[in-house]
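Lettering of chains follows the sequences in order, A, B, ..., and the numbering in each one begins at 1. Just so it is clear, the structure is predicted and the values come from calculations on it, not from any experiment.
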Amino acid sequence: MTDTWLVTNLRAIRGRAYPRVIGSKRELSWLFFDITLPLLTVSAYAYIYKYIQAPDEFVGFVILGGAMTAFWLNILWMMASQLYWEKEIGNLQLYLIAPISRMSILAGMAVGGLFMTAIRASATMVIGVLLFGIVLSFAQPVMLILIFVVTMISLYGMGMMFASLYLLLGREAYHLSNLLTEPVYLASGLYFPVKALGFWAAAGASIIPITLGLDALRQLFYPGSGAEYGFLSVNTELAILAVLCVAFLWLSKYSLDYMEKLGKTTGRLTLRWQ
Amino acid sequence: MAVSHDLRTFKNAAWLGWQMEANWTDPFVFATYSIVKPLAGSLILVFMYIVITGGETQTPFFSYMFIGNAFYMFVAEVLFGVTWVIHDDREHYMTLKQVYIAPIKFYTYVFGRAAIKIAITTVGVLITLAFGVIWLGVEIDLGAVDWLVFIPALLIGLLTILIMGLALGGVTFLTAKHGMGINEGIAGVFYVLSGVIFPITVLPGWAQTISHLLPVTYWMEALRRGLSPDLMASLPGSTGLSDFSNLEILLTLALSTVAFLFISTAIFRYADRTARRKGKIDWTTSY
Amino acid sequence: MQSAVEVKGLTRVFEPKKKKEGKSVTALNKVDLRIARGELFGLLGPNGAGKTTLLKILSTLLLPTAGKAFVAGFDVEKDFTEVRKRINMVSGGEISGYGLLTVKENLWMFTQFYGMKSSVAKQRIDEMLAQFGLADKKDEKVRTLSTGQRQKMNVIRGFVTDPEIIFLDEPTLGLDVNASRVIREFIVDWVQAKDNRTVLLTTHYMMEADQLCDRIAIIDDGRILACDTPENLKKLVKMNRTLKLDVTSLKDTSKFGSLTGVEQFTFQDDAEKDQTHLKFILTDDSAVTEIISEVQSKGARILSLQKTEPTLEDVFIKMVGKGFE
Ligand SMILES: Nc1ncnc2c1ncn2[C@@H]1O[C@H](COP(=O)(O)OP(=O)(O)OP(=O)(O)O)[C@@H](O)[C@H]1O
Ligand SMILES: [Mg+2]
C-alpha cells in the first residue's frame, strides 16, 4: 500500500458514502414519502400565514424552513444515531480495525446523507415554490452558495459529534433524537423568523447551525426583508457560521477519539445489545 | 379463552411499550421530556401567530388553532408510535419476526403498544392545554364544557386513529427505512386537510372535498365544540362544518370510523400478505 | 524475522458497568504467547474462556489491563495504526455490511477502508467470489444470502485486503460440511501461498483445529493451559492407545507380549470361525509395524484392524475438565 494517507482516507469516505447514495436510488419508496409528504406540514403552516394575512414572504420563509427540516431530520436519524446502529449491526468493529481515520467513516456518512437530503430538500423547495407561487431573489448567488456550504459543513460537523456522543446513550438515543425535533424547530425558527424569539434566545439557538444559516438564506432570498425580520446581518452570520464550522469539526474529532478510547478501555464499544 | 389470551397479549405489549417509552430514564427526565416536546410544538404556532399579530393571542382564532394543535398530538404520536413499533422491531432489534411468528394476534400486540402511547400523550395534551389557558388566554371554561359532546368525540376519535395506525403499520412492513417519512407524512395530511390549525375554508375547493371525507376533520370540530362551545360560536367566518349539528358531527365521525375500520383492516391484511410473499418481514434496509 | 504475534503477561479485566453491581471478570489472566510468521495457530477453549477477548486486543479493539501485546512487531496499544495496516478479522455469524448493497458492492466498500484501488479491488473480489463458488451471487443483495453464503462473503471480506495476519473468530460457525470445507481449504492454501502470512483462529470444532493448525493453545478461564502441535498435545493424555486385530487362526502368540511398545497383550481364539482376536495396549505407535510383520511371519492373514487413539477432544476434556456445551 504505497498510496498516501490522504488517498486512502478519500477512498474510505467514498466507500462509506456509496451505500447511502446507492441506497436512496434503490429504495425508491422514499421519493414518495420523503418529498411529497413533508410538503404537507409546510403547506399547513403556509395556510395559517395565509389565513391570518401575513406578508407574502412568510410563505417563502416556511418553505425554506421546511426544506431545512430535511437536513435536521437527516442529522438526527441518520447521522447522530448511526454509529450506534453500526455497532448493533456489527460494522463498527470492522470500521475500527481498518487503517483509516475514524473521521473518514463519519465524513462518508455525512457526504452520502447530505447528497441524499439535498435532493429531498430541493424537491420540497421547488414544489413548494411552484405550488404557492413564490418569487425568490437570486441577486447574490455567491453568497447564497457560501452560506449554504458553510451551514452544511457545520451542521454535519455537529451531526458527526452527535454520532460519537450517542454511542454513550445507546438505547436512549432514540428518545434524544425524538426530543430534538420540535424544540429545535422552535428554537431555530424554522417556521418563523428567529428574531421573534428575542435577542438572547435567538443568540442561544445560534449554536445550531441551521438557525443562522436559515436566517441568512431568508435575507438573501428576500432582499429588503432583512431589516425587519433578519436576526443579524448576513456577513455577521456568515462569520459565526464559519466559526461553528471549525468548532464542530474539531469537537467531533475530539469526541470520536474520546469515545474510542473509552470503548477500548471498558470494552463496550464492540458489544452489541448494550 | 381466546379473549383472555388477547387480553394478556395486550397487557404484555402495553407493558413492553411502557418499558420502551418510559423506563429508560428516571421519572424526572421522563416527565420533562414528555412536556418539552408538545409544548415546543405548540410554541412554534404561538410564535408564528405573534410575529404577525404583534403579540395578540386573545382572539377566537388563536384559541381555535391552539386547541386543534393540542389534540392533534394524539394523531401524530399514535401514528408515529405504531409505525415506529414495526420499524424499530424490524430494523434495529430484528425481533419483528419473533413477535410476528409468536402465537399472538399481531393486531393486539400493536394495539397494546399504542395504548401506552395514548396514555403518555394524554398527559402532554393536558399540560399543553393548561399552559394555553393560563398563559395565553386560550378560551376554555371548564364550567361551560359540553361533556356530552366532548367525551364521546374524544373516545371515538382515539379509536379512529388507532385503527388508522394499524393500516400504517401494515404499510411499514413494505417500506424501507425511508418509510419513517410515513409518520411525518400521513399525519401531515390530516394536519393540512382536517381543519386542525386553520378552518378548511381557506383550502382550495378540491382539497375541501377530501377534508369532508376524513374522520379527523369531524373529530377536531366535535372536540372544539364540546370543549369550548362559546368560542366556536364567536369564531368569525365558517369552519366549513357549520351546517352540521353536534349530533350530526358525532354520527358522521362514528360512521367514518367504521368505514376506516374496513379500509384499515384491508390495507393491513394486504400489506401483511405481500410482506410475507416477498419475504420482507425480517428484512433490514439500513445503509 | 519478528513474530507475528507476541503476548507477554497479558491481562484483561472487565469492570462491571456500575461499581456496586456485579463482579469484575478476568477474561485474560497473565497470558504469554508467541506465534511465528507463517503459522496457522489455533485457540481452543470453552465458552467464556477469553478467546474473543484476546482477538479483540490483538486487533486493536480493546486495551489490555496489564501486560503487552505486539502484532507484526508493533505494540497494539501505541502503534495501532501500524497494526491495523497489517491485519484483518472475520467473526463467525457476523452480519457486516449493508443489506441493500450487492455482495460485490459490499466487499468493494470494505476494501475502500483499506485504501485499495478500485480496479484492483474489484478484480480480486471477482477472483475470490469465483474461488468460493459465489460468482453467481455477486450481484445479489446481501440480505438475500443464506447463512453459509454470507459467511463466505465475510471470509472474502477479511482476506481480500491481503493482510499479513488475519484473526478468525469461529469462522465456520454454523456452516454445513461443504461450506466449512471450502473455507478451511482456503485458509490452509492462503497461509501456504506466501511465507509471511499468519492465521490466528478460534474454533469449537476439534477436528477443524486438529486438521488445520500447526500449533494449538488450549485456553480456559483466561489462562493458557497448554500450547503445542496437535500431535504433541495428544501425547499429553495418558490414555491407552489400543490396537485390535482379527486374524486367521494363529497358533503361536508367544512373541507379541514382548515386542517393544506393547504394554499389554491378550488374545482369544474363536474356533467356530477359525479366527483369533488379538488385543494390544500400546505405549508407542511404532509397535504397529512390528505386530503386523509378526502376524505375517506366522503365516496368518489380517481380517480386520482397529486402532483407537486419543483425540484432541480427549486432551481438551482432560485439560479443561469439561466437554463442550
Ligand atoms: N465487554 C465485556 N464486558 C464485560 N465482560 C466481558 C466483555 N467481553 C467479554 N467479557 C467476559 O469475559 C469472559 C471471556 O469472554 P470471551 O468473549 O473472550 O470468551 P470466548 O472464549 O470468546 O467465548 P466463546 O467461546 O463463548 O465465544 C467472559 O466471562 C465474558 O463474559
Ligand atoms: Mg468468542
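Taking the centre and axis of the six-membered ring of Phe80(C), the NZ or CZ atom of Lys264(A) falls inside the cone set by 45° and 6.0 Å. Taking the ring centre of Tyr18(A) as origin, the terminal cationic atom of Arg16(A) falls outside the region bounded by 6.0 Å and 45° from the ring axis.
Among pairs with a residue in residues 94-127 of chain A, those fulfilling ring pair (Phe, Tyr, Trp, His ring centres under 6.0 Å) read Tyr95(A)-Phe113(C), at least two apart in sequence or across chains.
Between Trp190(C) and Phe159(C), the ring-plane angle classifies as perpendicular under the 30° and 60° cut-offs.
Contact of Arg86(C) with chain A is not made at all, since no heavy-atom distance falls under 4.5 Å. Heavy-atom distances place the side chain of Ile105(A), and not its backbone, under 4.5 Å from chain C. Residue Thr52(C): no heavy atom, backbone or side chain, is found under 4.5 Å from chain A. With a 4.5 Å cut-off on non-hydrogen atoms, Asn106(C) does not touch chain A at all.
No other option in Thr111(C), Thr65(C), Leu101(C), Ile87(C) has as many heavy-atom pairs under 4.5 Å with chain A as Leu101(C). When the candidates Lys141(C), Glu82(C), Glu94(C), Glu105(C) are compared by the number of heavy-atom contacts under 4.5 Å with chain A, Glu105(C) comes out ahead.
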Candidate pair Ser177(A) and Tyr166(A), rule side chain to side chain donor-acceptor pair (under 3.5 Å), full reasoning:
CA-CA 10 Å; Ser177(A) 278; Tyr166(A) 267 46; 3.1 Å; yes
